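Below is one structure, written out as structure tokens; the observations come after it.
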Amino acid sequence: MHIVNAKGILSAKNGMNIYRGCTHGCIYCDARSSCYQMDHRFEDVQVKGNAAELLEDALRRRRRRGMIFTGAMCDPYWHGELQLGLTRRCLEVIDRYRFGLVIHTKSDRILRDLDLLESIHRKSKCVVQFTLTTWDPALCRTVEPNVCDTQARLGALQTLHARGIPTVVWLSPVLPFINDTAENISQIVAACAQAGVYGVVCFGMGVTLRAGDREYFYKALDRHFPGLKQRYIRTYGLRYELPSPHNDTLMQLFYKQCRASGIVCDHNEVFAFLNNYTDRQEQAQIQFF
């Protein structure tokens, strides 16, 4: 990793990336794509050493509170976070200024900061998002090798639900010819229901590949699934979107099982929930008067 002094931390839509790059090693990671113009090796994670100071300055200037989003392009709980603690420091700032939080991860390390997540949710609103792709633990270790498996993530989801913190799962990507099975989808959705997940986002069964990401993915296929790269090339060529041949059947199963379990599966409804800021202290004052 290497540390830099960044010039800014929040996007126009309140997105925040404390780190750039990752060590999870997921074979399909879109953040490796050349279009993001990363000027360092992906595993040499860029650390915004002044992230907390930049965030405090930005939130102090905000006229209206809202939701802060993090984890879209890098995991805030990659292994270096345990040493650096920058995500925790940023959560402390968010908590202090009573902003809301939507945080996305693949790691149960997030439970280290459960106290702050609860505090943020008491004052405003906190939503934790997890990515789940692969039910089978052995296969999960192959496609997402350096991060906790699906069962550990589900344990974290259960803990968060028990503490009253709402959760959302991203079921993506579903890799053609690898984990695009009815058994995989059904077991993940059933486990989400047991964990009390509010909603599951799934735009379709498949994966996207582009320059930078595609080369890394195909090298992983050669290592772990000999011959499968050739099948991908024959089936998809250089397409950006690679839908599973079973997309329609699996999406029908996904929607049916989510609705039967009371899980929100309309992504527009999920996004509206994520973007809806709540100030619980102001609400309490209004109710008092």
Side-chain angles (χ1 to χ4, degrees), residues 21-38 41-43 72-75 104 106 129-147 149-151 153 169-192 200-259 263 265-268 270:
C22 189
T23 56
H24 288 344
C26 303
I27 68 173
Y28 51 75
C29 182
D30 177 73
R32 293 180 180 275
S33 299
S34 303
C35 65
Y36 299 118
Q37 300 179 331
M38 192 172 295
R41 192 171 63 87
F42 191 74
E43 287 77 12
M73 285 297 296
C74 62
D75 197 312
H104 196 149
K106 290 180 183 174
Q129 302 189 102
F130 269 86
T131 294
L132 303 180
T133 67
T134 310
W135 177 260
D136 178 74
L139 183 57
C140 186
R141 284 192 294 272
T142 298
V143 299
E144 299 163 344
N146 303 323
V147 67
D149 65 18
T150 296
Q151 284 66 31
R153 294 176 222 175
V169 162
W170 286 66
L171 180 51
S172 174
V174 178
L175 305 174
F177 320 123
I178 296 176
N179 61 353
D180 58 337
T181 66
E183 180 182 20
N184 185 50
I185 303 306
S186 180
Q187 288 180 313
I188 289 176
V189 174
C192 287
V200 178
V201 176
C202 180
F203 289 105
M205 303 294 168
V207 67
T208 59
L209 294 178
R210 47 188 161 190
D213 172 24
R214 181 181 290 107
E215 291 81 0
Y216 188 85
F217 180 67
Y218 281 168
K219 286 180 181 178
L221 292 188
D222 283 339
R223 285 197 309 273
H224 302 294
F225 308 96
L228 191 54
K229 178 180 73 174
Q230 288 70 28
R231 187 176 182 184
Y232 265 78
I233 293 171
R234 288 195 306 269
T235 306
Y236 302 109
L238 295 176
R239 291 169 58 180
Y240 169 62
E241 296 182 352
L242 286 63
S244 164
H246 311 298
N247 176 74
D248 292 348
T249 301
L250 293 178
M251 287 303 294
Q252 289 175 7
L253 171 64
F254 166 73
Y255 286 127
K256 180 179 179 180
Q257 195 167 344
C258 282
R259 289 164 180 156
I263 296 174
C265 54
D266 182 322
H267 60 265
N268 290 317
V270 174

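In this text, all values refer to a predicted model and were calculated from it rather than measured experimentally. Residues take their numbers from the sequence shown, with the count starting at 1.
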Measure the spacing between [atom1] of [X] and [atom2] of [Y] and express it to the nearest 0.5 Å.
X: Gln230; Y: Phe225; atom1: CD; atom2: CZ; value: 14.0 Å
X: Ile185; Y: Asp180; atom1: CD1; atom2: CG; value: 8.0 Å
X: Arg32; Y: Leu209; atom1: CZ; atom2: CG; value: 12.5 Å
X: Leu175; Y: Thr142; atom1: CG; atom2: OG1; value: 11.0 Å
X: Thr208; Y: Tyr240; atom1: OG1; atom2: OH; value: 4.0 Å

Is there a donor-acceptor pair under 3.5 Å between the side chain of [X] and the backbone N or O of [Y]?
X: Gln187; Y: Trp135; answer: no
X: Glu215; Y: Gly212; answer: yes
X: Arg214; Y: Arg239; answer: yes
X: Ser33; Y: Asp30; answer: yes
X: Tyr232; Y: Leu242; answer: no
X: Asn184; Y: Thr133; answer: yes

Worksheet item: Is the shortest side-chain N to carboxylate O distance from Arg153 to Glu144 below 4.0 Å?
Response: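 A salt bridge links Arg153 with Glu144.
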Looking at [X] and [Y], what are the two nearest heavy atoms and their distance?
X: Gly21; Y: Cys74; result: O-CB, 3.8 Å
X: Thr134; Y: Ile188; result: N-CD1, 3.8 Å
X: Asp213; Y: Ile27; result: OD1-O, 4.4 Å
X: Ala31; Y: Met38; result: O-CE, 4.3 Å
X: Ala182; Y: Leu253; result: O-CD2, 3.7 Å
X: Lys106; Y: Asp75; result: N-OD2, 2.8 Å

Hey, are the side chains of [X] and [Y] touching, using non-hydrogen atoms and a 4.5 Å cut-off?
X: Met251; Y: Cys202; answer: yes
X: Pro243; Y: Tyr236; answer: yes
X: Asn146; Y: Cys22; answer: no
X: Phe177; Y: Thr235; answer: yes
X: Val169; Y: Val201; answer: no
X: Cys35; Y: Arg210; answer: yes
X: Asn179; Y: Val143; answer: no
X: Cys192; Y: Ile263; answer: yes

Practice prompt. Answer with yes or no after comparing the ring centroid distance for Tyr216 and Phe42 against a 6.0 Å cut-off, counting only values under it.
Written response: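 Judged by ring-centre distance (under 6.0 Å), Tyr216 and Phe42 do not meet the cut-off.
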Worksheet item: Are Asn247 and Ser244 linked by a side-chain donor-acceptor pair shorter than 3.5 Å?
Response: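 Note: Asn247 and Ser244 side chains miss the donor-acceptor criterion.
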Worksheet item: Relative to each other, are the rings of Trp170 and His104 parallel, tilted or perpendicular (30° and 60° limits)?
Response: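 Answer is tilted, since the angle falls between 30° and 60°.
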Worksheet item: Please walk me through it: do Lys229 and Asp222 pass salt bridge (Lys or Arg N to Asp or Glu O under 4.0 Å)?
Response: CA-CA 7 Å; Lys229 178 180 73 174; Asp222 283 339; 3.1 Å; yes
